[in-house]
Structure formats: structure tokens, C-alpha cells
Protein chains: 2
Amino acid sequence: MSAAATAAAAVKAIADPRRRDILRLVRRREVSAGDIARHFDVSRPAISQHLTVLKNAGLLAERRDGTRRYYRARPEGLQELRSYLDGLWDATLRDLKRVAEAAEESNTRRKRSRAS
Amino acid sequence: MSAAATAAAAVKAIADPRRRDILRLVRRREVSAGDIARHFDVSRPAISQHLTVLKNAGLLAERRDGTRRYYRARPEGLQELRSYLDGLWDATLRDLKRVAEAAEESNTRRKRSRAS
DNA sequence: GGTATATTTAAGCACCGGCTTACGTAAGCC
DNA sequence: GGCTTACGTAAGCCGGTGCTTAAATATACC
């Protein structure tokens, strides 16, 4: 899976509020699937599905111990996501300043050219 | 609308690939709705709906000139989103507690009602 | 006013995604 | 082996959302 595809999956993953809550929950320490589920008002399978999505998006690390599975946030995935999003608008933050500065001027130019 | 709510809307907005494409298209210069639509293989109304979503998420600025509407990326919205995401994995203990407590309460409520 | 252009809004449809219950799987314990 | 615990997977329901075409709105031009 390419980095961009992973990042796109990560964006979709964090678009869901519940998954953001899960991420916050495992940000500092690893937590078992059951313990995670216990914090929410939905069934365990629902949480299990969320965990799968987060894991596939590279945002979660899984460690198995006996019948238990422990999850924790995966900093590399989070950093990847951050870089991807920055790439989306880094040019924006740079270039739009210029655009904004030239806004009035280009505006009047456009009005003139539209007359043709 | 609170900052967090706007940011949450922004995350959902950029979760769609087409909307990310639109954002890239208007990140350097403002572009009219029609010109934006011309870049894609979907109908104009479809693009118009995407533009509305992006605008409501604070990611797009709109300028009207005659019958035309020009759109451009809105750096403030993008910065807000960035900060929000940073805060996601910089979550404080206070945030964790809030999530845990709120969920735990509704969780016990749910379990009680299920037992009947 | 009447027509043309640019765009949004409305209504409906098909697919997607999150949820549920039921079942499957795997490890630990007696 | 048989039971329990901890999870994941399967199948299906249902609301949300992205798309379409048709109609409405708004501005410009004659």
C-alpha cells in the first residue's frame, strides 16, 4: 500500500467521532480490546470493527498476549497523516497569502477582461 | 458553531477524495464553480454540493461577482483543522477523563436496559 | 420585459458504513 | 475433552451521503 493510500485511509478513519475517541483512549497507554469496548455505549463487535479500520489505516498497533489483544496509538501513522494533510495545504498557506494580497488587483483585471 | 465542531466537520469534509481534489484545485488561486466542475467527471450540481460542504466546514471562501461564484481555500480553516488534529494525539488527561466518564455512564445505562 | 448564462436547490436513487445479533476461533483452565 | 474468556467475523438492517436529472434563483444583456 502506498503512503498516499494509507494516509487517505487514515483521513477516512479519523473522520468518525467514535474512532477519534478510541484514538484518544489509547494515546498514552495500550489498552485491551475489551477494556476499550467497556468505555463505549456500543457492542464489542462494533469496537472490534473500528479497531480493524484504525489498524488498517496505520494508526493503531496491536500486541497479542494470550487471548487478549492490546492496542495503542501508532505515532508513525499519526505523523504520516499529518504530513499528508500538510502537503494538502502547505502550498495553500504559502501561496494564498500572495493571492490575498493581489486579490483586489486581479479582481479589477477580471472585470475588465470579462467585457470581451 | 464551536471550534471543535467546525474542525470535526472539516475532518469529515476532507475524508472525501473528490473534495480533497477540489481543495488542491483552489489552493493557489480562486476558481469559479463552473471552472471547478469542468475539471471533474461529475455533474455541476454534484460539485456545487461538495463546495457547500467545504464552505460549511470553513475550508473554503466564496466571493460572488455577477452570476459567478469564485472559491478559494481558506487558510484559517486549514490551520484550525491542523491544530485540532495535533490536539487529537496530544490529548490531555482531562480529555481522556471526559471521554471515559461520559461513555461509562451511558454504558451502564445501556447494560441495565439490556438486562430486561 | 424577455432571454441567456451561472449556479444552487429539490427530489429521488443507489451505495456505503456503522450498528446489531449470531456464530466462529483461539487460548487458558479444570 | 469440555468449559470459559476474549476477540474477531458474518450477515443483515438502516440511516447517511454522493450522484443524477429537473426545476428554481439570480444576474447580465438586449
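Any value given below was found using the heavy atoms of this structure, including those in side chains, with hydrogens, waters and symmetry copies removed. Here is how names work: the chains are called A, B, and so on, in the same order as the sequence lines, proteins then strands, and each is numbered from 1.
Here the side chain of B:Lys12 is nearest to one of D:dC7, C:dT20, D:dT17, namely D:dT17. Closest to the side chain of A:Thr67, out of C:dT5, C:dT7, D:dA6, is D:dA6. Listed candidates were C:dT21, D:dA28, C:dT9. Nearest to the side chain of B:Pro45 is C:dT9. Side-chain atoms of A:Thr52 lie closest to D:dT9 of the nucleotides D:dC19, D:dC7, D:dT9. Taking every side-chain heavy atom of B:Ala46 into account, D:dT20 is the closest of D:dT20, D:dG8, C:dT8. For B:Ser48, the side-chain atoms get nearest to C:dT8 when compared with the rest of C:dT8, D:dG8, D:dG18.
In terms of phosphate contacts, A:His50 brings no side-chain nitrogen or oxygen within less than 4.0 Å of OP1 or OP2 of C:dG17. A close approach under 4.0 Å does occur between a side-chain nitrogen or oxygen of B:Tyr71 and OP1 or OP2 of C:dT8. Remark: B:Arg19 is in phosphate contact with D:dG18, judged by side-chain N or O atoms under 4.0 Å from OP1 or OP2.
Atom-to-atom distance recorded for A:Lys55:NZ and A:Ser48:OG is 9.5 Å, nearest 0.5 angstrom.
Looking at heavy-atom distances under 4.0 Å, B:Phe40 makes no contact with the nucleic acid at all. Nucleic acid contact for A:Tyr70: none, since no nucleic acid atom lies under 4.0 Å from a heavy atom of the residue. Within 4.0 Å (heavy atoms only), B:Arg64 reaches no atom of the nucleic acid at all.
Taking both residues in full, the closest heavy atoms of A:Ala15 and B:Val11 are given as CA-CG1, 3.5 Å, listed atom of the first, atom of the second, then distance.
C:dT20 atom C1' lies 13 Å from atom CG of A:Asp41, rounded to whole Å. Atom CZ in A:Arg44 sits roughly 13 Å away from atom P in C:dT21 (whole-Å rounding).
The residues B:Asp21 and B:Arg18 are annotated as not salt-bridged, no charged nitrogen and carboxylate oxygen being separated by less than 4.0 angstrom.
In this model, a side-chain donor or acceptor of A:Gln49 finds a partner on the base of C:dT20 within 3.5 Å.
The number of heavy-atom neighbours closer than 6.0 Å to CZ of A:Arg44, taken from other residues, nucleotides and ligands shown, is 12 or below. In B:Arg24, the CZ atom is crowded: over 12 heavy atoms of neighbouring residues, nucleotides or ligands sit closer than 6.0 Å.
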